[in-house]
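First comes the structure, then the notes that go with it.
Because the structure is predicted, anything quoted here is derived from the model rather than measured. A note on names: the letters A, B, ... follow the listed sequences, proteins ahead of strands, and every chain is numbered from 1.
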Amino acid sequence: MPELPEVETTLRGIEPHIVSKSVSSVIVRQKSLRWPVPVSLIQKKLKNKRIDNIKRRGKYLLLESSKEHLIIHLGMSGSLRISDKEHIKKHDHIDICFNDGTILRYCDPRRFGCFLWSDDLDNHFLLKDLGPEPLGNHFNGEYLFKLSKKRKTPIKNFIMNSKIVVGVGNIYASEALYASGIKPSSQAGRVPRNKYEILAHEIVTILKKSIKDGGTTLRDFVSGNNEPGYFKQSLKVYGREGKECYACKTIIKGQRIGQRASAYCPNCQTRF
DNA sequence: CGCTGACCCTGACGGC
DNA sequence: TGCCGTCAGGGTCAGC
C-alpha cells in the first residue's frame, strides 16, 4: 500500500494524535518483521517518555524522543492508525500506548516493514546512503542526468533506487515515465539530459498531486477507516496492460523489469 | 562499483 | 467448495 504519498499522509494523520504525548507502554504481539523488533530496547527507550516530533525520510517514519528515534517502515502492506483497547484485528502487531488512552497501532500482514531504534540517525544503516528527497531542493534533472552516466540498468530501476532518489515506488515510476515519454526499459545512461529534466519535473508533479489526493481521501486515522483508492482514478499506465492508451489508443504493454510489473505505451514512450 | 535474481511473508484472485 | 499457481504498492543481500 504505502508509496511516499501514503507515508506522508500517514504522518499528517497520526501527528496531531501522538506528538507531545507521553508513552505509557509498548505492546509487541509479533516481533518477527523485516528485522526482529528490539522489544525491550524500544520499551525501555519510550516508557514514560514524550514523542517530541515525527518526521519522514523517504518512506521511513521517524518518531523522535529525547533526541533518539524510532524508525518505522510500512513495507508493502503496513499501516498505522489511531485506535483503542478494542478493535484489535489480525496482523495488528504493535501498539504504542499513550497515557491519555490513545493507541498508535501498527498492522502489517506481510511483515516486510520494520520497527527499529536509533540513537544516531545520520549513521543508521537504513538511512545513511539514501538519496535526496524528490520534493526537496537537491533533486532535479541535472542531478539525475549526472548520476545516470554509464549506467546500464533500466531507467525504471534507476529512479526506483533509493540511493538515487527516495520515495519513487513502482506505481509512480511507471506513471512518471509515461508522462515523460520514456520507455521504462531504456538504459539509464542512454537517456538524454532534456528527458531527465522532464522526468524530474514529472516525478515532482505526480508525487505532489498524490499527496494532495491522499490527504483528501485518507484522512480518517481514528476509526481505522483509512481505505486508499485515490490513485486509481488518475493512473495512465499502471495496471492498464491490454487497455487503450488514453492519448493515442495504442494497447498498453506489460513487461517485467527487475522483478516488478511494468506497463508502458509503445507509441507514446520512446526507447533510448 | 554496478547489476541480477533470490528472498522475506500473507492474502486475494482466477482457472480448473 | 477447494486446491494450485500467480501476483502484490517494499527493500536487502549474495554472487558475479
Counting only side-chain N and O atoms of A/R151, is one of them less than 4.0 Å from OP1 or OP2 of B/dC3?
-> yes
Does the A/R240 side chain pair with the main chain of A/E244, one donor and one acceptor, at a distance under 3.5 Å?
-> yes
Quick one: A/I164 CD1 to B/dC1 P, roughly how many Å, whole number?
-> 12 Å
Using the P atoms only, state how far B/dC9 lies from C/dC13, rounded to an integer number of Å.
-> 15 Å
Hey, does the side chain of A/S77 come within less than 4.0 Å of C/dA8's phosphate (OP1/OP2), counting only N and O?
-> no
If you check every side-chain atom of A/K90, which of B/dG11, C/dG10, B/dT10 has the closest atom?
-> B/dG11
Mind calculating the distance between OH (A/Y106) and P (B/dC9) to the nearest angstrom?
-> 14 Å
Shortest non-hydrogen contact from A/V191 toward A/K195 | CG1-CB, 3.6 Å
Taking atom C1' of B/dG2 as reference, at what distance in whole Å does atom NZ of A/K149 sit?
-> 18 Å
In whole angstrom, give the distance that lies between atom NZ of A/K152 and atom P of B/dC1.
-> 18 Å
Can you check the A/L33 CG to B/dC7 P distance for me, whole Å?
-> 21 Å
With no hydrogens and no angle check, is any side-chain donor or acceptor of A/K152 less than 3.5 Å from a backbone partner on A/A188?
-> no
Does any donor-acceptor pair link the side chain of A/R110 with the base of B/dC9 at a separation under 3.5 Å?
-> yes
In whole angstroms, how far is the C1' atom of B/dC3 from the CD1 atom of A/I257?
-> 15 Å
Hey, would you say the A/Y178 and A/Y264 ring centroids sit under 6.0 Å apart?
-> no
Mind listing the N/O atom pairs, protein and nucleotides 11-15 of chain C, below 3.5 Å?
unit_1 : atom_1 : unit_2 : atom_2 : d
C/dG11 : OP2    : A/K59  : NZ     : 3.4
C/dT12 : O4'    : A/R34  : NH2    : 2.7

Indicate whether the side chain of A/S83 and that of A/R105 have a donor and an acceptor atom separated by less than 3.5 Å.
-> yes
If the C1' atom of C/dG9 is compared with that of B/dC3, how far apart are they to the nearest Å?
-> 23 Å
Which listed nucleotide (C/dG9, B/dT4, B/dG11) is nearest to the side chain of A/E6?
-> C/dG9
Whole-Å distance, A/D129 CG to B/dG2 P, equals 11 Å
Could you tell me which nucleotide pairs with C/dG9 by Watson-Crick or G-U wobble geometry, both distances under 3.5 Å, or answer none if nothing does?
-> none
A/K156 NZ to B/dT4 P, straight-line distance once rounded to whole Å | 13 Å
Complement of B/dC9, any strand, by Watson-Crick or G-U distances under 3.5 angstrom = none
Using heavy atoms to find the nearest nucleotide of DNA chain B for A/H91 and A/N157 separately, return the residue whose nucleotide is more 5′.
-> A/N157
Consider only side-chain N and O atoms of A/N170 and A/K156, and report whether a donor and an acceptor are under 3.5 Å apart.
-> yes
Answer yes or no: does a side-chain N or O of A/Y172 lie under 4.0 Å from OP1 or OP2 of C/dG9?
-> no
Stacking here means centres under 5.5 Å and planes under 30°; does A/F112 stack on B/dC8?
-> yes
For A/K21 and A/T102, test the side chains for any donor-to-acceptor distance below 3.5 angstrom and give the result as yes or no.
-> yes
Expected output: side-chain A/D95 to main-chain A/C97 donor-acceptor under 3.5 Å = no
